[in-house]
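Scroll down for the structure; my scribbles are underneath it.
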Amino acid sequence: LEKEGLFDTKRKKPIPLYPKHLAILTSPSGAAIRDMLTVLSRRAPQIRVTVIPALVQGDQAPPQLVDAIQVANRYQIGDILVLARGGGSIEDLWCFNDERLARAIAASKIPVISAVGHEIDFSISDFVADLRAPTPSAAAEMVSGHWVDASLRLQELKSRFWIAFQRDLNHRREIFNQVHARLISPKDRLREQI
């Protein structure tokens, strides 16, 4: 696979900075999806999530994951695909070393993040994917990172705008009070003339 260039960084697709739709290829009953959804709902609830169910352990996992990648590409589901599976033994994670899966990841038109196992776990899918996340939760943080930064920046700008608005309003109030103090009431003017 390395000789064929599947691990080459030049072929890797950029990960969208502000994804609107995330497709997560995982077991719908696993801890990985719960962790990811928790992180995403807290950090970037505007990101739409589609879970494409697939086994993530055992002999039937690679063909199901390959099918899930092909379905996502065929129907253009998601701006990013995330292969997600929590930690486990090397045997539990072995399906992510499958050659068919590696080729499907490389062939994907949609960028793929491999979020398999824990930080110390590496698989062939990590090397072929466009980006490796050390854990599924870390993948959720990565895809939501720019949204969080944009939200913080927006809050900062909103605060600065509000301060500037208040300052301007106070300045205009002072001018109004000064002009008002110089004005003579028409009644007073008439009295003077009389």
Side-chain angles (χ1 to χ4, degrees), residues 1-2 6-58 61-62 64-66 68-69 72-73 77-98 101-102 104-155:
L1 295 174
E2 184 176 18
L6 268 66
F7 302 159
D8 192 353
T9 55
K10 293 175 191 160
R11 59 155 284 283
K12 295 184 185 279
K13 295 171 281 311
I15 304 299
L17 299 180
Y18 298 96
K20 295 179 184 126
H21 187 184
L22 189 63
I24 302 174
L25 289 57
T26 190
S27 168
S29 61
I33 189 63
R34 286 192 308 274
D35 293 346
M36 291 183 75
L37 292 175
T38 299
V39 170
L40 290 168
S41 67
R42 178 176 37 88
R43 291 172 52 97
Q46 72 278 10
I47 297 177
R48 191 169 130 224
V49 176
T50 300
V51 177
I52 302 176
L55 290 176
V56 289
Q57 181 176 330
Q64 285 193 17
L65 289 165
V66 168
I69 291 170
N73 277 273
I77 302 171
D79 305 323
I80 301 171
L81 303 182
V82 180
L83 291 175
R85 193 221 190 273
S89 69
I90 193 162
E91 293 82 13
D92 293 341
L93 304 176
W94 196 254
C95 63
F96 293 94
N97 290 319
D98 189 89
L101 179 57
I105 292 169
S108 177
K109 300 288 184 233
I110 302 169
V112 177
I113 296 175
S114 178
V116 176
H118 295 301
E119 291 187 35
I120 59 169
D121 299 319
F122 283 89
S123 64
I124 290 175
S125 68
D126 293 333
F127 298 113
V128 179
D130 299 300
L131 182 66
R132 176 194 180 262
T135 64
S137 295
E141 289 177 6
M142 289 173 170
V143 300
S144 62
H146 283 88
W147 281 113
V148 171
D149 294 343
S151 177
L152 292 173
R153 180 78 175 127
L154 187 62
Q155 289 299 324

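Atoms considered below: every heavy atom in the structure, side chains included; atoms not considered: hydrogens, waters and symmetry mates. Here the structure is a predicted model, which means the values were calculated and not measured.
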Report yes or no: does K12 contribute a side-chain atom to a donor-acceptor pair with the main-chain N or O of A129 at less than 3.5 Å?
yes
Looking at side-chain heavy atoms only, is the closest gap between V128 and L101 below 4.5 Å?
no
Between atom OG of S108 and atom CG of N73, what is the distance when rounded to the nearest 0.5 Å?
3.5 Å
Mind checking what makes salt bridge (charged side-chain N to carboxylate O under 4.0 Å, His left out) contact with D98, not counting sequence neighbours?
R100
Could you tell me whether the side chain of P19 reaches within less than 4.5 Å of the side chain of I47, counting heavy atoms only?
yes
Can you confirm whether more than 12 heavy atoms, excluding those of R42, are under 6.0 Å from its CZ atom?
yes
Got a donor-acceptor contact below 3.5 angstrom from the W147 side chain to the K20 backbone?
no
Taking side chain to side chain contact (heavy atoms under 4.5 Å, CB included) as the definition, give me every residue that meets it alongside A23, ordered by chain and number, with sequence neighbours left out.
L25, I52, I77, L81
For A139, all residues meeting side chain to side chain contact (heavy atoms under 4.5 Å, CB included), sequence neighbours excluded
M36, V82, I113, A115, A133
Please determine whether the number of non-hydrogen atoms from other residues, nucleotides or ligands lying under 6.0 Å from atom CD1 of I90 exceeds 12.
no
Less than 4.5 Å apart, any side-chain heavy atom of L6 and any of F127?
no
At what distance, to the nearest 0.5 angstrom, does CD1 of I105 lie from CG of L83?
5.0 Å
Taking C-beta and beyond as the side chain, do F96 and V56 meet within less than 4.5 Å on heavy atoms?
yes
Can you list every side chain to side chain donor-acceptor pair (under 3.5 Å) pair that touches residues 22-41, not counting sequence neighbours?
S27-S29
Heavy atoms, side chains only, cut-off 4.5 Å: are I80 and P16 in contact?
yes
Would you name the heavy atoms of R132 and E119 that are closest together and state the gap between them?
NH2-O, 3.0 Å
Heavy atoms only: give me the nearest K13-K109 pair and the separation to one decimal.
CD-O, 3.5 Å
Ignoring hydrogens, what is the shortest heavy-atom contact between S125 and S114? Give both atom names and the distance.
OG-OG, 3.0 Å
Taking only residues two or more places apart in sequence, or in another chain, which ones meet L93 in a side chain to side chain contact (heavy atoms under 4.5 Å, CB included)?
R85, V116, D121
Expected output: side-chain T135 to main-chain A138 donor-acceptor under 3.5 Å:
yes
Start with the C-alpha distance between Y18 and D79, add both sets of side-chain angles, then the distance that settles side-chain contact (heavy atoms from CB on, under 4.5 Å), and finish with yes or no.
CA-CA 9 Å; Y18 298 96; D79 305 323; over 6 Å; no
Where the side chain of N97 meets the backbone of S123, is there a donor-acceptor pair that is under 3.5 Å apart?
no
Can you sort out the partners of S89 under side chain to side chain contact (heavy atoms under 4.5 Å, CB included), two or more places apart, ordered by chain and number?
E91, D92
Which atom names give the shortest non-hydrogen contact between I33 and P28, and what distance separates them?
CG2-O, 3.6 Å
Closest heavy-atom contact between A102 and I124?
CB-CG2, 3.8 Å
Does L154, at its CG atom, have more than 12 non-hydrogen atoms belonging to other residues, nucleotides or ligands within less than 6.0 Å?
yes
